[in-house]
2 protein chains.
Amino acid sequence: MSKVGKDEIIRAAEEVVREKGARKLTLDAVAAQCGLSKGGLLHHFRTKQALLQAMLESAVAREGGCAADYLARAGDGPGTALAARIHSMFSLMQDDESLPRSLIAAVAEDPALLEPIREKEERVRREICASVKDPELAQLLLFASRGMFFARVFGLMEPGDPQFERLRERLLAMAADID
Amino acid sequence: MSKVGKDEIIRAAEEVVREKGARKLTLDAVAAQCGLSKGGLLHHFRTKQALLQAMLESAVAREGGCAADYLARAGDGPGTALAARIHSMFSLMQDDESLPRSLIAAVAEDPALLEPIREKEERVRREICASVKDPELAQLLLFASRGMFFARVFGLMEPGDPQFERLRERLLAMAADID
DNA sequence: CAAAACCGACCGACTGGACGGTATGGTAGC
DNA sequence: GCTACCATACCGTCCAGTCGGTCGGTTTTG
């Protein structure tokens, strides 16, 4: 038959948040979205928190994979680690909105769920600072990409904004000749 | 005697979000926080959405006031408008966390509530772009401050972080000689 | 002037629905 | 027949919003 699987449930949950808002991310809604009964859903995730956590992990993993791809394509110059992270931020903005949506839902539900993300953020910043001669500028560029990311999360910037692509290129260019 | 008033209710609501999280922003909780019955609370704000909206408006007004103060103190050079906005972002980070908290609560409840903020953001960006020779860089600096702001909102950056002050000064310096 | 009528602020019990989670039973594949 | 997967029914709780009513003050009126 249909074969559901946790990934599809996570996608469904993201879809629910995108359509109805974080507050409406309810177990019934997720179940309905992926054509499952609530019982079936709760078989895969025994609690709502578990689902939230899985959503975050999934999104974080996608970000990591995206950065890794970039690193594989471009060698490892001085600003490459930074560029990879900036690139992955933009990818998350364009491809889908899974991470941001999950973020909002999670932080509304229970801020403690963000702990793994906090740790990852710290690692990334350390890695970037170590790979570059001007760590402050590097962090500012990273924060700029984060800022654009959140602007999109909150719908403050349209994806079709003409500025968007130019700012992205400008950021990557500044990352490239940071040394 | 006690005199309640809408402002105090808004403060109480922010306090609830700060202490218990956006999900726990309930009418009962707000009422309890400001020593009021739910009936009394609903007398001032006839619906929860109305309260959320007032919270956002209040926070936005505070941001605007902060930027205006900065403009009054520093003349109006080329990068001053930008610096004012960056400065107000950092003020919001340090003084309290009312705007971010309200933001999260509102966006979780109903993303449509963000519309006024979206409009203001657009105005600010236009104003800054018009006041400077390199609008892209200006926007990137603005986004960097936004990025740090959100990092703090989500607890991704500690307030005591030694980097914090240096990044702030670096940002303001870059804003100062943008022309 | 004083009583009556009115008004805004506030209270607190109540309701109806939403939502997370449980309990139980059914079914398909190994 | 055991396990993984899924459905149905149900429970307890939480919460936004309603409603009738109290109380102190102000305005109207006889």
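Protein chains get the first letters and strands the later ones, always in sequence-line order, with residue 1 at the start of each. Computed from heavy atoms alone, side chains included, the values below leave out hydrogens, waters and symmetry copies. Nothing here was measured: the structure is a model prediction, and the numbers come from that model.
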**Request:** Can you spot which of I128(B), L171(B), D134(B), V132(B) makes a side-chain contact (heavy atoms from CB on, under 4.5 Å) with L141(B)?
**Result:** L171(B)

**Prompt:** Once you build an axis from the first five pairs and another from the last five of the helix from dC1(C)-dG30(D) to dC30(C)-dG1(D), how far apart in angle are they, to 10 degrees?
**Reply:** 20°

**Prompt:** Between dC5(D), dG20(C), dG21(C), which nucleotide gets closest to the side-chain atoms of L42(A)?
**Reply:** dG21(C)

**Fill in**
Rounded to whole Å, the CG-C1' distance (D28(A) to dT8(D)) equals 13 Å

**Message:** Looking at dG20(C), I'd like to know if its phosphate oxygens (OP1 or OP2) sit under 4.0 Å from a side-chain N or O belonging to T26(A).
**Reply:** yes

**Asked** Does H43(A) have a side-chain nitrogen or oxygen under 4.0 Å from the phosphate oxygens OP1 or OP2 of dC5(D)?
**Response** yes

**Prompt:** Distance check: side-chain N/O of H44(A) vs OP1/OP2 of dA4(D), anything under 4.0 Å?
**Reply:** no

**Request:** Determine, for R166(B) against E169(B), whether the closest basic-nitrogen to carboxylate-oxygen distance falls under 4.0 angstrom.
**Result:** no

**Item:** First of R46(A) and K24(A) reached from the 5' end of DNA chain C, by closest nucleotide
**Value:** K24(A)

**Prompt:** Under the salt bridge (charged side-chain N to carboxylate O under 4.0 Å, His left out) test, which residues partner R23(A), sequence neighbours left out?
**Reply:** E109(B)

**Item:** Identified ring-ring contact (aromatic ring centres under 6.0 Å, His included) counterpart of F90(A) within the set Y70(A), F164(A), F149(A)
**Value:** F164(A)

**Message:** Categorize L51(A) for me: base, sugar-phosphate, or nothing, with a 4.0 angstrom heavy-atom threshold over every strand shown.
**Reply:** nothing

**Prompt:** Which nucleotide sits closest to the side chain of L36(A): dG20(C), dA7(D), dC15(D)?
**Reply:** dA7(D)

**Value in whole Å for how far the P atom of dT22(C) lies from CG of L41(A)** = 13 Å

**Message:** Distance check needed: dG25(C) P versus K38(A) NZ, whole Å only.
**Reply:** 20 Å

**Asked** Taking for each residue the nucleotide of DNA chain C with the nearest heavy atom, is it T47(A) or G39(B) whose nucleotide lies nearer the 5' end?
**Response** G39(B)

**Message:** In this structure, how many angstroms lie between the P atom of dC6(D) and the NZ atom of K6(A), rounded?
**Reply:** 11 Å

**Message:** I want to confirm an ordering. Mapping S37(A) and R23(A) to their closest nucleotides on DNA chain D, which one lands closer to the 5' end?
**Reply:** S37(A)

**Fill in**
L27(A) CG to dC10(D) P, in whole Å, measures 20 Å

**Message:** Tell me which pairs pass salt bridge (Lys or Arg N to Asp or Glu O under 4.0 Å) where either residue lies in residues 80-89 of chain B, with sequence neighbours left out.
**Reply:** E63(B)-R85(B), R85(B)-E127(B)

**Prompt:** So, does the side chain of K48(B) form a donor-acceptor pair with the base of dG17(D) at under 3.5 Å?
**Reply:** no

**Atom-pair distance (CD on E109(B); P on dA16(D)), nearest Å** = 8 Å

**Request:** Kindly indicate whether the side chain of L137(A), heavy atoms from C-beta on, has any atom under 4.5 Å from the side chain of M174(B).
**Result:** yes

**Request:** Hey, can you tell me if F154(A) and F150(B) have their rings parallel, tilted or perpendicular (30° and 60° cut-offs)?
**Result:** parallel

